[in-house]
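Both ligands and their constituent atoms are indexed starting at 1 by order of listing. Because only heavy atoms are used, hydrogens play no part in the values below, and waters and symmetry mates are left out as well, while side chains stay in.
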Amino acid sequence: MFSKDTYIKRRQQLAQDVKQGLILIVGNSDVAFNYPANQYTFRQDSTFRYFFGYDIQGLIGVIDAESGEEYLFGEEVDMADIIWTGPIPSLKERATEIGVRNSGTIKDLRNLMDKAVFDGRRVHFVPPYRAENVEFIADILHLDYRYIQAYVSKELIAACVKQRSIKSAEEIAEIEKAIETAYTMHTTMMHMAKNEGTFEYEIAGTMEGIALAGGGPVSFPIILTTHGEILHGHDHSLQIKKGRMIVSDAGCENNMGYCSDITRSVPVGGKFDARQKAVYEAVLDAQLLVPTLCKPNVKYSEVHLAAVERLGEGLKALGLMKGDIKEAVKQGAMGMFMPHGLGHMMGLDVHDMENYGENYVGYDKKNIRSTQFGLASLRLGRELQEGFVITDEPGCYFIPALIDQWRAEKKCIDFINYDEVEKFKDFGGIRIEDDVLITKDGCRILGKPIPKTVAEIENEMTK
Ligand code: GLY
Ligand code: MN
Ligand code: MN
């Protein structure tokens, strides 16, 4: 955990921003996997971890935004807990450790909430995303669980987004540790991908083991596929074959819960063929453009548009696109090749704070999400600020069903050379992703550089 002061300051700022009422922050509990005593790997709620620090089941924090009084609730440990899980500090000790004055049981929490409801005080909470917590919050606040999302606090969401969007130096150091582990995950992938016949699951499993050995789980289920055109391809059942590109999109959480999210795309066998190299370099060109544009006050939606334009120019040089590429971008033609957004925030969540609602995190009153196919999938469109950690992850995909549909509809026929695109239906896809910190007057790619150019990847794959 960070020092007590970090959590005290975060909670004080939150109370100051929310101004009135009580703030209820529910930590996660264990969830049954296939029977109650066999549980999924525990994952703490990120809001709870940010403000109360603990990566422990069954804790609930409350902050009185008016009086500043703070509470930590949970069940006191009994002998059975000690026998099965070892010595556990008391709630009081846990509360003191993070600078919280009051502690109590779930019954005490119920009493506090009953009194708040009776007194007509507002109780703020962020959108719960687990059924157990929906039911719990509805129960203690006497709400109908079916409409729980209608009661979430936009003020609390805004206050959390305001703080969590700006990463402190100690948070950035943790993110860089997670990227250090991702470096080993991806270079190991490169070494394994030279051996034709290896199964995708052997590579994905080895990468996941590296994440675990680094102190935390993967930050999302690993995407490791020779069918990179499937954007979130979690199937790892195929044997890798020469002629295919592997898209490897994977990251981890370090032991403080901070994430990495890196993608590398490499040719099976270790040598790019001419076609692979050409498409790869068009994507790389777009990916390398992004850090030259990122700085405070620049809208990430504008960076997305600049990146897809650069990709479009590259694809035009390959004969896959034609005409005025600026106009092609305007008309949404790039959605054919890159139907996803350029990137997102990253922190304690790999898509940071996405449980609050993407538009509260990535957009604001001045920056409304586009409805255009492709750009509509951009999770972060608003102005960048110093301290944001974001991803830069353009890609190029040849999705046979999408090609067929657009061709049949004669969509963007002035810009897409369908006869040429047809020839790439067996290509798969390419994505390249790094994690980027926005600095005072520019940005910095976080972590030790992971092989990324054609020459660097080919060299790494000889090892
Ligand atoms: N892991 C999905 C992404 O890169 O956003
Ligand atoms: Mn990723
Ligand atoms: Mn990402």
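Classification of the His351-His232 ring pair by plane angle, with boundaries at 30° and 60°, yields tilted.
When heavy-atom distances to ligand 1 are checked against 4.0 Å, the residues falling inside are Phe220, His232, Asp249, Asp261, His344, His351, Glu393, Glu433, ordered by chain and number.
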Let me check something: any side-chain donor-acceptor pairs from residues 242-256 under 3.5 Å, sequence neighbours excluded? List them with distances.
{"unit_1": "Arg244", "atom_1": "NE", "unit_2": "Thr226", "atom_2": "O", "d": "3.1"}
{"unit_1": "Arg244", "atom_1": "NH1", "unit_2": "Asp426", "atom_2": "O", "d": "2.7"}
{"unit_1": "Arg244", "atom_1": "NH2", "unit_2": "Thr226", "atom_2": "O", "d": "2.7"}
{"unit_1": "Arg244", "atom_1": "NH2", "unit_2": "His227", "atom_2": "ND1", "d": "3.4"}
{"unit_1": "Ser248", "atom_1": "OG", "unit_2": "His186", "atom_2": "ND1", "d": "3.3"}
{"unit_1": "Asp249", "atom_1": "OD1", "unit_2": "Thr263", "atom_2": "OG1", "d": "3.1"}
{"unit_1": "Asp249", "atom_1": "OD2", "unit_2": "Thr263", "atom_2": "OG1", "d": "3.4"}
{"unit_1": "Asp249", "atom_1": "OD2", "unit_2": "Arg431", "atom_2": "NE", "d": "3.3"}
{"unit_1": "Asp249", "atom_1": "OD2", "unit_2": "Arg431", "atom_2": "NH2", "d": "3.0"}
{"unit_1": "Glu253", "atom_1": "OE1", "unit_2": "Arg43", "atom_2": "NE", "d": "3.4"}
{"unit_1": "Glu253", "atom_1": "OE2", "unit_2": "Arg43", "atom_2": "NE", "d": "2.9"}
{"unit_1": "Glu253", "atom_1": "OE2", "unit_2": "Arg43", "atom_2": "NH2", "d": "2.9"}
{"unit_1": "Asn254", "atom_1": "OD1", "unit_2": "Met256", "atom_2": "N", "d": "3.1"}
{"unit_1": "Asn254", "atom_1": "OD1", "unit_2": "Gly257", "atom_2": "N", "d": "3.3"}
{"unit_1": "Asn254", "atom_1": "OD1", "unit_2": "Tyr258", "atom_2": "N", "d": "3.0"}
{"unit_1": "Asn254", "atom_1": "ND2", "unit_2": "Glu174", "atom_2": "OE1", "d": "2.6"}

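Residue-environment remark: OH (Tyr183) exceeds the threshold of 12 foreign heavy atoms within 6.0 Å. Within a 6.0 Å radius of NZ in Lys295, other residues, nucleotides and ligands contribute 12 heavy atoms or fewer. Annotation: Lys440, atom NZ; neighbour count of heavy atoms from other residues, nucleotides and ligands within 6.0 Å does not exceed 12.
Aromatic rings from Tyr54 and Phe52 are positioned such that their centres are separated by 6.0 Å or more.
Residue contact annotation: His351 places no N/O/S atom under 2.8 Å from the Mn ion (ligand 3).
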* To do: Let me see the working for Val266 and Met461 under side-chain contact (heavy atoms from CB on, under 4.5 Å), right down to the final yes or no.
  => CA-CA 9 Å; Val266 305; Met461 292 182 79; 3.8 Å; yes
* Please step through salt bridge (Lys or Arg N to Asp or Glu O under 4.0 Å) for the pair Asp349 and Arg164, ending with a clear verdict. => CA-CA 11 Å; Asp349 305 296; Arg164 289 181 57 193; 2.9 Å; yes
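Asp5 and Ser3 share no donor-acceptor pair across their side chains, judged by distance under 3.5 Å alone.
If you look at His344 and ask which of its N, O or S atoms sits nearest the Mn ion (ligand 3), the answer is NE2.
Here the protein contributes Asp249 OD1, Asp249 OD2, Asp261 OD1, Glu433 OE1 as N, O or S atoms under 2.8 Å from the Mn ion (ligand 2).
Every residue meeting the ring-ring contact (aromatic ring centres under 6.0 Å, His included) condition with Phe33, not counting sequence neighbours, appears here in chain and number order: Tyr40.
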